[in-house]
Amino acid sequence: MVVVTLPNGDKKEAPKGISVHSFVKDFIGAGLAKAAVFAKVNGQDVDLARPLEQDASLQIFTSKNPEAQEVARHDAAHVVADAVQRLFPGTQVTIGPSIEEGFYYDFFRDRPFTPEDLEKIEKLANEIVAQDLPFVREEVSPAAAIALFEAKGEKFKVEIINDIVAKGATTLTLYKHGDWVDFCLGPHGPSTSKIGVIKLLSSSGAYWRGDHRNAALQRIYGTAFFDKKALEAWVKQREEAAKRDHRKLGKELDLFHFHPFAPGSAFWAPKGTTLYTVLQDYMRAHTRAGGYVEIKTPLLFNKGLWEQSGHWGKYKENMFLVQDSESAELDFSLKPMNCPSHHLFYGMKKHSYRDLPLRFHTQDVLHRNEAAGALSGLTRVRQFAQDDAHIYCREDQISSEVERFVALLNRVYKDFGLSYAVKLSTRPPQRIGTDELWDRAEGALKTALEALKLPYELVPGDGAFYGPKIDFAVSDSIGRNWQLGTIQLDYVAPERFDLTYIGEDNKEHRPVVLHRAIFGSFERFIAILIEHFAGAFPAWLAPVQCVVVTVADRQAEYAKQVRDRLVGLGFRAEVDERGLSMQKKIAEAQVQKVPFTLVIGDREVEQGAVAPRRYGGEDLKTMPVDQLVALLEKEARTPMP
RNA sequence: GCCGACGUAGCUCAGUGGUAGAGCAACUGAUUCGUAAUCAGUAGGUCCCCGGUUCAAGCCCGGGCGUCGGCUCCA
């Protein structure tokens, strides 16, 4: 007999060697046994067919658990690979993991999959699902596994097996459904029908092990859901996300444009420029209030700076090099980041410990020569500006500076309605500095996070080679995550730039540098805001806050007076003077997602009033202009510190 | 950069070898209207660029540029 402990603490005795599935059916319930996808035995993922050989804790995962969805998508990857090999004999398999929203499988073959191929594959894959073939796990020796895949001509599988054997594996596992076998760690669900429904999404090129020097593979992306309804809901949500695409809305709302002569660099239309400068001014005001000073440094630097910073060696292919007309050499570069120039600026003066912390904020334009194929809308550009800052402080000031930064970041994200999660990344294997230094650095960051009572995820080994960091991932209104804010400790730069301050002891000391940003880049932050708000910005961000619409032309004079008063108070108001019907003008203000449409007819002129309508259709009824101004003061002013 | 798809009016798109089209936007005129689209007319195009095939190319072929999806998720 074995004793099985359930998550609620219940203990059950069962015959030794009983399968997980039979145990669940006999000792818990047939319903759960039917719904189960896989299990954890003593915390280890196993299939339901696995026998229970000794006392163990048991946890069952059903289609309600996200973990089970992940397993079922891995199942789906196998089924798709099976379908591909049936339809296209000679195609070799490589790997096929489940990923965030689905799965992919990489194949080796001489030509890409066409959309028609995908249709056929999807159809056959779903037929295999319907056949309800059980997934069968088998343990084999390395020699047997190699022999099996060599006989099939699966060169990539053989390579993977050899690698894993070299790492010390002695028992390998195969998973079979029907006649199709894959070398796989598992776990898998009980049978193909558990997968539900498979949908293929796209095909693309990929490289063996992600390296372009290796064989070119053909990747198929797909997803799977336990039921059709869930798939339909997911498809709908994707359509919703596509409607919010900042590239689409950027055009529709006339915010920014691109031209082939400047790939990866935006032209900001008047409305986009307004949005951009509102954000710049907002950040200026808040950093100033947070004890920062704003500085500007050159955009173009001699390579000497990059040699000193280390960029010339490590980052050169991402920099735009500029020819010096006198030397005729590419001796200059547009700056790809601000830090080196900030360090130079710090070093131009002698600093006392009394000056620290010194916080330099910069919104200068940066250029990075991103690979042509990597450019995408405003999220991946070649020219951009960061809400960048570097804090120079003593080591004992790190914790309080981090706390101060988080307080600012907290305030900023709150103003935009964004929530966030925190990650602390610690020392990577490749690093500089002593362990003692890292202990102190990581300790300082932890102290700050704990003082703030911020829950955080620890990511060991993910820090930069020059210091640990804290990252802030915000989630938007449709649940997507974006890594925006960051604060990184840097012990290297002060050495490279020989930065010092004079301490109380009248001796020179090394300051520590903190790199930090909240928006990340203005360009990417704007893209995120557009998608977060679906283009319907809150009034304080909206490029046009009020459009004045008259019922008839005879109110035009008064309409302009209203606009002039609002503009005079610093609000962004316009009159739609085109000879269109009132209804048409209102419709257009809605399409442009203007927060307030101010309707003016004879009644409003008589009363010195306006009739505002909010974006979305709420009629606020006729009100005196003074009352509108009070409303705008509340909603349409940039939140100040 | 590599793989694939795409590039037609300001925008969204139709047009697969035989005289370049629609809707919206723009412009002109009429309409002056009370909360999501008044009516009529006009104008707008090196069909991304360069070269080739053909009697004939937006369409077929080659090269370039750009955009988009991938190229990190690891049995």
Side-chain angles (χ1 to χ4, degrees), chain A residues 70 74 77-78 93-106 111-115 142 145 149 154 156-165 167 169 172-175 181-186 201-221 242 245 247-248 251-254 257-264 317 369-377 380 549-556 578-592 597-604 611-622:
Chain A
E70 219 175 283
H74 187 196
H78 279 219
V93 291
T94 68
I95 60 163
S98 75
I99 54 174
E100 215 169 297
E101 299 221 294
F103 62 88
Y104 68 78
Y105 211 116
D106 284 345
R111 57 204 168 83
F113 293 103
T114 64
F149 288 102
E154 297 284 5
F156 295 88
K157 283 289 173 194
V158 172
E159 188 181 327
I160 294 166
I161 294 167
N162 280 326
D163 278 6
I164 285 167
V165 171
K167 280 184 200 157
L172 306 178
T173 55
L174 304 178
Y175 275 86
V181 192
D182 202 356
F183 171 56
C184 179
L185 189 58
L201 303 168
S202 62
S203 62
S204 76
Y207 297 98
W208 175 235
R209 306 203 153 153
D211 189 327
H212 69 276
R213 289 165 301 193
N214 291 340
L217 306 176
Q218 302 302 330
R219 175 171 297 182
I220 292 179
Y221 281 94
D245 191 312
R247 292 167 298 197
K248 185 170 176 283
K251 247 187 240 172
E252 286 171 12
L253 303 179
D254 197 15
H257 304 274
F258 286 92
H259 191 280
F261 286 163
E317 72 254 28
N369 197 356
E370 300 288 351
L375 300 177
S376 176
R380 197 72 182 270
V549 168
T550 55
V551 173
D553 287 347
R554 62 180 173 279
Q555 296 106 13
R578 295 171 304 168
L580 303 169
S581 70
M582 177 203 69
Q583 285 89 340
K584 175 74 176 174
K585 289 179 186 176
I586 289 171
E588 230 165 84
Q590 294 298 306
V591 169
Q592 288 294 309
T597 304
L598 309 177
V599 178
I600 285 174
D602 291 337
R603 204 189 313 150
E604 283 72 26
R613 171 201 162 104
R614 279 186 191 274
Y615 171 70
E618 189 195 350
D619 186 351
L620 298 181
K621 308 293 183 206
T622 298

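Residue numbering restarts at 1 for every chain, and letters A, B, ... go by the order of the sequence lines.
Distance check on atom P: B:C48 versus B:C55 gives 25 Å, rounded to whole Å. With both ends at atom C1', the span from B:C13 to B:G58 equals 15 Å, rounded to whole Å. Between B:A43 and B:U31, the distance separating the two P atoms is 23 Å to the nearest Å. B:A57 and B:C47 have their C1' atoms separated by 11 Å, with the value rounded to a whole Å. When the C1' atom is used for both B:G45 and B:A40, the distance is 25 Å, rounded to whole Å. B:G4 and B:C61 have their P atoms separated by 14 Å, with the value rounded to a whole Å. Atom name P, nucleotides B:G10 and B:C49: the rounded distance is 13 Å, in whole Å. A distance of about 48 Å separates the C1' atoms of B:G69 and B:G29, rounded to the whole Å.
What you find for A:Phe183 and A:Ile164 is that their closest heavy atoms are CE2-CD1, 3.9 Å. Summarising the geometry of A:Leu185 relative to A:Thr173, their closest heavy-atom pair is CA-OG1, 3.7 Å, with the distance given to 0.1 Å.
When both pairing distances are held under 3.5 Å, B:C73 makes no Watson-Crick or G-U pair with any nucleotide shown. Across all strands shown, B:C47 has no partner, as no Watson-Crick or G-U wobble contact with both distances under 3.5 Å is found. Nucleotide B:U53 is matched to nothing when pairs are restricted to Watson-Crick or G-U wobble geometry with both distances under 3.5 angstrom. Pairing for B:G4 goes to B:C68, judged as Watson-Crick or G-U wobble with the two contacts each under 3.5 Å. With a cut-off of 3.5 Å on both Watson-Crick or G-U wobble distances, the partner of B:G34 is given as none. Within the shown strands, B:G10 is the pairing partner of B:C24 under the Watson-Crick or G-U definition, both distances less than 3.5 Å.
Expressed to the nearest 0.5 Å, how far CE of A:Met582 lies from CD of A:Gln555 amounts to 10.0 Å. The CD atom of A:Glu588 sits 13.5 Å away from the CD atom of A:Gln583 when rounded to the nearest 0.5 Å.
Salt bridge annotation for A:Asp106-A:Arg219: present, with a cationic side-chain nitrogen under 4.0 angstrom from a carboxylate oxygen.
In this view, A:Asn162 and A:Ile146, A:Val158 satisfy the side chain to side chain contact (heavy atoms under 4.5 Å, CB included) rule, not counting sequence neighbours. Residues that satisfy the side-chain hydrogen bond (donor to acceptor under 3.5 Å, both in side chains) test with A:Gln592, not counting sequence neighbours, are A:Lys271. Partners of A:Lys585 according to the salt bridge (charged side-chain N to carboxylate O under 4.0 Å, His left out) rule, which considers only residues two or more places apart in sequence or in another chain, do not exist here.
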With B for base contact, S for sugar-phosphate-only contact and - for none (protein heavy atoms under 4.0 Å), nucleotides 66-75 of chain B reads SSSBBBSBBB

If the sugar-phosphate is the primed atoms plus P, OP1 and OP2 and the base is the rest, what is the B/S/- string for nucleotides 23-37 of chain B, using protein heavy atoms under 4.0 Å? --SS-----BBBBBB

Contact pattern, 5' to 3', of nucleotides 43-50 of chain B - B, S or - by protein heavy atom under 4.0 Å: --------

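Panel note: side chain A:Glu618, backbone A:Arg613; no donor-acceptor pair is recorded below 3.5 Å. At distances below 3.5 Å, at least one donor-acceptor pair connects side-chain atoms of A:Lys157 with backbone N or O atoms of A:Thr94.
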Would you please test A:Val599 and A:Val551 for side chain to side chain contact (heavy atoms under 4.5 Å, CB included) and show each step? CA-CA 7 Å; A:Val599 178; A:Val551 173; 4.1 Å; yes

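Taking the six-membered ring where tryptophan is involved, the planes of A:His74 and A:His78 are perpendicular, since the angle between them exceeds 60° and thus also 30°.
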